[in-house]
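Note on naming: letters A, B, ... go to the chains in the order of the sequence lines (proteins, then strands), and numbering restarts at 1 for each one. Bear in mind that the values here come from a model prediction, so they are computed numbers and not experimental data.
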2 protein chains.
Amino acid sequence: MAENRSSKPGRRGRPRQAEVARLAGVSQTTVSLVLGGNKQGIALHEDTRARVFAAARELGYVPDPAARRLAAARNNLLGVFSFTATFPTAVEHSYYPFLVGVEQEAAAQGYDLVLFTGSSSGGAQAGEPGALDRVRLADGCLFLGRHVPEDQLRRLVADGYPAVHIGRREELDGLAWVGADYVAASAEVVRHLTDLGHRRILLVREDDDAPASTDRERGFRTALAGAAGPLSAAGPARVVRTADPAADITAAWVRARVGEGVTAFVAEETDTGGAWRALHAAVAAAGLDAPRDVSLALLGSPPADLAGARQPTGFDIPRAALGAAAVRLLTALLAGEERAEPLVACGFRPGSTTGPPPGGPGTTV
Amino acid sequence: MAENRSSKPGRRGRPRQAEVARLAGVSQTTVSLVLGGNKQGIALHEDTRARVFAAARELGYVPDPAARRLAAARNNLLGVFSFTATFPTAVEHSYYPFLVGVEQEAAAQGYDLVLFTGSSSGGAQAGEPGALDRVRLADGCLFLGRHVPEDQLRRLVADGYPAVHIGRREELDGLAWVGADYVAASAEVVRHLTDLGHRRILLVREDDDAPASTDRERGFRTALAGAAGPLSAAGPARVVRTADPAADITAAWVRARVGEGVTAFVAEETDTGGAWRALHAAVAAAGLDAPRDVSLALLGSPPADLAGARQPTGFDIPRAALGAAAVRLLTALLAGEERAEPLVACGFRPGSTTGPPPGGPGTTV
DNA sequence: TTGTAAGCGTTATCAT
DNA sequence: ATGATAACGCTTACAA
């Protein structure tokens, strides 16, 4: 026998279908039928429907999500699981910007959200085996964060659990994801520079091979390949990799590159913003002004602590749009539909660090 | 008969306790007992335990949270319902700062969060009858926002549903709440001024009787009453109410008050920040500098658009702490415990708009 | 048109 | 020390 129900926490007086049925003078099945939207298209007396609705409203009936799920129906719950602290004090690592879109789209589609407090201190760590299984309570789940517990996620996916990762994640076969189109966005920024007349453009990137970095370089190269003029002329490498931007990107280095005819620098955005930060500082230290002496562009958004500085030309990752796209993809998955285009366009940000090259368009030195 | 299980989303091929039992050669009950941690302290053969664990690992058994929660009659879900748009684009109206604390504390207590997309555009509006009933899905729920659908909330509370409002809300009898201690915080700010030597201090408040305003005035008066010196000397009213701060708080007005011996102005924080904004502008327009000529304090935090200006002396509402306190109160409610202290202390913000009165401490003109 | 009954995968209460 | 067995609240085939 189950424990006395009044001693069960969180359930005091929560009405069930049986009680609604009693009040309405019908069977519990009928209540389920009426309240469940009658998917089977079974004929029901309008009278009965009305009485059931009235009774349900009077009692404040709400279906139990667990029971619903157990009975193989759906919850109208979408999970959100972050592998980094969900609401960290450091805002820049928060997933709030995504949540803006997730929440809006979820609302639009009639879903509530379950925030799995996965990785916060005190809660179950995402690393713990089985930590991810909690998400099965929801109809489907959104995942985000840098470090994914691959095994667990793979398992979930293999089991056919609807999961969508926010951010490109192709190493997990079969995992659906939505991501920002860094290639196109980067190309657009560089094209902006070539359109202004720049011919010698340098990309400063950090020394790792994350997809986000690779994509940006690809966009950079694409735009250069498509530009008119003496772009392919011999000269210094157009892409500079550095494991330690602060040490390598110095005022002297910038002066040297400018001396070689470089008129524009492009930095990739990373976690730390190291490349941009270093470039920014080095240009200033070299006594150069952007966009007067050189043009500067950032393939992404500036770190928060540089918010006071001049808005860099670049692009913004449409976090809210990504969140919304993720929800759309997830609900499509739930409906058994095919996945759509996973890439979301980034918005070009004109900023004010770019202009024509000092010597006029097309100048190479 | 239920639908073929392979068509049930998220459930394909997941082994259940029954299968583990079969493999281990025990009953399903025993599996539950062993895997469930044996809370009842029932004696079990080490052999049996080992066999069950082995079988579970071999099959990759993972308990179904829905089933678990259905049987256990709780779901470890805490609801969050906001009466204003949950994730509005305008960050200043978002409840994110509260969520930081809510999420951390919830995680610490082993709860996940359900974000009811109640008031967002597209979702069910909070005004709709029955919209609030969705929260019954969670073991308990946090509410926040200015405009509460009283009837629905009252009903929830009357039903014994564990609910906590973030922000003082005494008009709903029996509704638990946590709020910021504006009285103490305001008193501290004013005491800071009297300690500096100010004796003629004016409070500028808007003309409504919201609890938040009343509390601040009370703190203001408390501090003045407790200060040494000729504070009670006759003079202009120490509290000024205005329905239109921008119109009433002018440069001329400020000059007149200063002429009467006022050395410090205090404004309350409101939604619009109107009082502070007006005071700030008027003092500047009067050609006065804070803290050189007058001291200025704000009973709260400055509006976002004044973030660039000098940090006003005042206090900060500890939103994260409030969220955490709300969660603690809610879980206490769930455990059937008494409610604790509902007031959370605000942090004093030194700022840089206060200093000694121009003529030196104690000067009255 | 409505009701009966069989699950869904657990947990908890009994008997053995 | 273990195993039937009855809930938990719901959905859904099927009988009436």
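- B:Arg68 has a side-chain polar atom (N or O) that falls below the 4.0 Å cut-off from OP1 or OP2 of C:dT11.
- Annotation: salt bridge (charged side-chain N to carboxylate O under 4.0 Å, His left out) contacts of A:Glu337 (sequence neighbours excluded): none.
- You'll find the ring centres of B:Phe98 and B:Tyr96 outside the 6.0 Å limit.
- Relative to the side chain of A:Thr48, the nucleotides C:dT2, C:dT10, D:dC10 differ in distance, and C:dT2 lies closest.
- Atom pair B:Asn76:CG and C:dT10:C1' shows a separation of 14 Å (rounding to whole Å applied).
- Residues A:Thr331 and A:Gln109 have side chains that bring a donor and an acceptor to within less than 3.5 angstrom of each other.
- Take the nearest nucleotide of DNA chain D for B:His45 and for B:Ala67: the residue whose nucleotide is more 5' is B:His45.
- In this view, B:Arg22 satisfies the salt bridge (charged side-chain N to carboxylate O under 4.0 Å, His left out) rule with no residue, not counting sequence neighbours.
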For residues 29-37 of chain A, please give each side-chain donor-acceptor pair under 3.5 Å, one per line with the distance, not counting sequence neighbours.
residue: A:Thr30; atom: OG1; partner: A:Ser27; partner atom: OG; Å: 3.1

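- Residues of residues 23-30 of chain A having a heavy atom closer than 4.0 Å to DNA chain C, listed by number: A:Val26, A:Ser27, A:Thr29, A:Thr30.
- In this view, A:Arg319 satisfies the salt bridge (charged side-chain N to carboxylate O under 4.0 Å, His left out) rule with no residue, not counting sequence neighbours.
- Rounded to 10 degrees, the angle separating the terminal helix axes of the helix from C:dT1-D:dA16 to C:dT16-D:dA1, each built from five base pairs, is 50°.
- Each of C:dT10, D:dC10, D:dT12 was ranked by its minimum atom distance to the side chain of A:Arg16; first place goes to D:dC10.
- Here D:dC10 presents its P atom at 11 Å from CG of B:Leu137, a figure rounded to the nearest Å.
- Distance from the side chain of A:Leu70 is smallest to D:dG9 among D:dC10, C:dT11, D:dG9.
- One atom, CZ of B:Arg136, and another, P of D:dC10, lie 13 Å apart when rounded to the nearest Å.
- A:Leu35 has its CG atom 13 Å from the C1' atom of D:dT11, to the nearest Å.
- Rounded to a whole Å, the CD atom of A:Gln17 is 15 Å from the P atom of C:dT4.
- Remark: C1' of D:dC14 and CG of A:Leu33 are 13 Å apart, rounded to the nearest angstrom.
- Distance B:Glu19 CD to C:dC8 P: 11 Å, rounded to the nearest Å.
- For B:Ser32 and C:dT11, the shortest distance from a side-chain N or O to OP1 or OP2 is below 4.0 Å.
- The interatomic distance linking B:Asp64 (CG) with D:dG9 (P) rounds to 16 Å, in whole Å.
- Scored by the side-chain contact (heavy atoms from CB on, under 4.5 Å) test, A:Glu46 finds A:Arg49 as partners (sequence neighbours excluded).
- With sequence neighbours left out, B:Arg168 forms a salt bridge (charged side-chain N to carboxylate O under 4.0 Å, His left out) with B:Glu170, B:Asp215.
- Pairs passing the salt bridge (charged side-chain N to carboxylate O under 4.0 Å, His left out) check and including a residue from residues 324-335 of chain B, sequence neighbours excluded, read B:Glu105-B:Arg328.
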